[in-house]
Amino acid sequence: MSSYWLVKSEPSAWSWDQMVAAKTTEWSGVRNPGALINMKQMKKGDRAFFYHSNEGKCVVGIVEIAKTFYADPKDEKSGLVDMRAVEKLPSEVTLAAIKQDPALKDMVLVKNSRLSVQPVTAAEWARVCKLGGLKSGN
DNA sequence: GCCAACGTTGGC
DNA sequence: GCCAACGTTGGC
């Protein structure tokens, strides 16, 4: 069974466009223990929302886990997963829209906005896809 | 740019 | 192991 996730990035540091341009991205620099636990649970083929924090504050696209967790040779307290862009949402889903939606009020994004790698439930996944203009979860 | 919430660090 | 001080994140 695959799981759903949400990863955050500041567009000034790493944007969706860069994510698309780079075929595969090594997701590095995560130090938060909770976020690292989530990363370790990612499986190849799992999908994640790509969220722009600070600027934009919206879900912009979907990425796929290309390689599961492995140690970061440069930082023993951290680790990496590989991801690649899958598809852009026809319309961005803003944080304001998520907060406004009763079906999404329990999203980690709302409750613990500082966590940079978060789990997303299947129901939340489907809902955000719908808001973003995708018919299905793919 | 401000500041609240959350994490981390380090002295005890 | 506690907790105060400090640093960082991210929404506003």
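Each chain gets a letter, A, B and so on, in the order its sequence line appears, and its residues count up from 1.
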So what does A:L95 hit on the nucleic acid, given a heavy-atom distance under 4.0 Å: a base, only sugar-phosphate, or nothing?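 Since only primed, P, OP1 and OP2 atoms lie under 4.0 Å of A:L95, the category is sugar-phosphate.
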
At under 4.0 Å between heavy atoms, what does A:K99 touch on the DNA or RNA strands: base, sugar-phosphate, or nothing?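 A:K99: backbone/sugar contact only, no base atoms under 4.0 Å.
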
From [atom1] of [X] over to [atom2] of [N], roughly how many Å is that when rounded to an integer?
X      : N      : atom1 : atom2 : result
A:E55  : C:dC12 : CD    : P     : 15 Å
A:E10  : C:dT8  : CD    : C1'   : 10 Å
A:R114 : C:dG7  : CZ    : P     : 14 Å
A:K8   : C:dG10 : NZ    : P     : 4 Å
A:L109 : B:dA5  : CG    : C1'   : 15 Å
A:N54  : B:dC3  : CG    : P     : 17 Å
A:H52  : C:dT9  : NE2   : C1'   : 16 Å
A:R31  : C:dG7  : CZ    : P     : 16 Å

About how many Å separate CD1 of A:I62 and NZ of A:K88, when rounded to the nearest 0.5 Å?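 So the gap between those two atoms works out to 13.0 Å.
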
NZ on A:K105 to CD on A:E124, rounded to 0.5 Å: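 With rounding to 0.5 Å, CD (A:E124) is 10.0 Å from NZ (A:K105).
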
Using a cut-off of strictly less than 4.0 Å, decide whether A:Y51 has a side-chain nitrogen or oxygen near OP1 or OP2 of C:dG11.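 So the side-chain polar atoms of A:Y51 do come within 4.0 Å of the phosphate oxygens OP1 or OP2 of C:dG11, strictly under.
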
Please verify the inter-ring angle class for A:W27 with A:F50; under 30° counts as parallel, over 60° as perpendicular, anything in between as tilted.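 Aromatic pair A:W27/A:F50 classed perpendicular.
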
Counting only heavy atoms not in A:K44, do more than 12 fall under 6.0 Å of its NZ?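 No.
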
